[in-house]
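To keep things clear, I will list the structure first and then write my remarks on it.
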Amino acid sequence: EDHAKTYNFVMDLHKPLKKMMHRGFRVDEEALKNLWSESLDRLRPLQKELDDLVRGAWEEQKAPLKTALDEAELQHEYLHLQHPKISAKTGRTLKGLEYIHSTPVERRESKKRITKLKKQLALWSPTWDEDLGDWILLGANDRNKLLWYFYTWKKAPPYIDRKTKQPCMDDIALQRLAKPLASREGFEEAKLIQVIRGEKGMISTGLRMGRDEDKRYRCAYKPAGAKSGRQSSTQTYWNTGTNHQNVPPEFRKIAIPDEGRFFFANDKRGAEWVVVAYASGDPQMIKVVE
């Protein structure tokens, strides 16, 4: 019987969800442009401040690699020095040139070393950021560099993911790194990364999501929902739109209801506390609620 209730509940959701997916919603084009511009204006100084904080670490990593690369390239040139071939028997100049100081194996190994050093150096060189249209040193979502910076360079004790048992750099880890402890001050870099991630999230999930040909935003709902029983949504199956349940609050400014319609939202913050009051039967909690 319980299974039947769940089954019927999920099946009854198909019709309203299909209607929502088919309809989508409009946006204010001018407000969209302004919101994007405002977000980038906030993002640029934040990213610059973050890059300035980590620049010393990056330069210290690059310096020995740059020196090693310069030396390897000089050695490579030396190994490729050539001169005319001279016959040992006749002393006459033969056709073509020959290498003076190296064998094919030495030249190959030299090339491999240069390629390896260039790859290592690239890790500490600026990368192109599509959102900003500029070069940056540290991306707020560059997990490997963030792990290295906080747990290796700054020597902060790593926060371990309970599922993977590996060091993590999620929002909770950043909150802890930003918080001052008795043994150290809070990391300003961690605070900046959290704010940058928020702005980046708005751009990627709200402002950059693709619209359909009729200029409306849509998503794909999953009737079975998430494990918790809540609804779940994602991009459409033709890769437009986004998860409509998690668009940033700022995005609501640009959503436009259709003619003769309006938007409204139920604010249920604190609802769990109310449920606990009545489910437990605690008279004091019930009195406060009422």
Pairwise side-chain contact, Leu146 with Phe150, heavy-atom cut-off 4.5 Å (strictly under): yes
Work out which heavy atom in Tyr151 is nearest to a heavy atom in Pro158; give both atom names and the distance. CE2-CA, 3.4 Å
Which residues pass the salt bridge (Lys or Arg N to Asp or Glu O under 4.0 Å) test with Lys19, sequence neighbours left out? none
Pair Asp51 + Arg55, salt bridge at N-O below 4.0 Å: no
Contact between Arg107 and Lys111 at the side-chain level, heavy atoms closer than 4.5 Å - yes or no? no
Between atom OG of Ser39 and atom CG of Asn34, what is the distance when rounded to the nearest 0.5 Å? 12.5 Å
Would you say Phe25 and His244 make side-chain contact, with heavy atoms under 4.5 Å? yes
Between the side chains of Lys165 and Asp161, is the shortest nitrogen-to-carboxylate-oxygen separation below 4.0 Å, so that they form an ion pair? no
Indicate, with yes or no, if Met21 and Val27 share a hydrophobic cluster defined by side-chain heavy-atom contacts under 4.5 Å among Ile, Leu, Val, Met, Phe, Trp and Tyr. no
Is a side-chain donor or acceptor of His80 paired with a backbone partner of His76 at a separation under 3.5 angstrom? yes
List, by chain and then residue number, the residues other than Leu79 in its hydrophobic cluster (Ile/Leu/Val/Met/Phe/Trp/Tyr, side-chain heavy atoms under 4.5 Å); write none if there are no others. Tyr78, Leu81, Ile100
Test of understanding: with salt bridge (Lys or Arg N to Asp or Glu O under 4.0 Å), list the residues that count as partners of Asp170, not counting sequence neighbours. none
Which atom pairs, donor and acceptor, lie under 3.5 Å between side-chain atoms of residues 86-93 and protein residues at least two apart or in another chain?
unit_1	atom_1	unit_2	atom_2	d
Ser87	OG	Lys89	N	3.3
Ser87	OG	Thr90	N	3.2
Ser87	OG	Thr90	OG1	3.2
Thr90	OG1	Arg92	N	3.2

Salt bridge (Lys or Arg N to Asp or Glu O under 4.0 Å) pairs touching residues 210-226, sequence neighbours excluded, are Glu29-Arg211, Asp212-Arg218, Asp214-Arg218, Arg216-Asp258
How long is the span from the CG atom in Asp52 to the NZ atom in Lys48, to the nearest 0.5 Å? 4.0 Å
Side chains of residues 122-132: which donor-acceptor partners sit under 3.5 Å, not counting sequence neighbours?
unit_1	atom_1	unit_2	atom_2	d
Ser125	OG	Leu121	O	2.9
Asp129	OD1	Asp131	N	3.0
Asp129	OD1	Leu132	N	2.8
Asp129	OD1	Lys200	NZ	3.0
Asp129	OD2	Lys200	NZ	2.3
Asp131	OD1	Arg208	NH1	2.8
Asp131	OD1	Arg208	NH2	2.9
Asp131	OD2	Lys200	NZ	3.2

Under 3.5 Å: donor-acceptor pair, side chain of Gln47, backbone of Leu138: yes
Check whether more than 12 heavy atoms from other residues, nucleotides or ligands sit under 6.0 Å from atom OH of Tyr278, and answer yes or no. yes
Is it the case that the ring center of His83 lies less than 6.0 angstrom away from the ring center of Tyr99? no
Considering residues, nucleotides and ligands other than Phe263, do more than 12 of their heavy atoms fall under 6.0 Å from its CZ? yes
Salt bridge or not for Glu98 and Lys85, using N-O below 4.0 Å? no
Does any non-hydrogen side-chain atom of Trp153 lie less than 4.5 Å from one of Gln61? yes
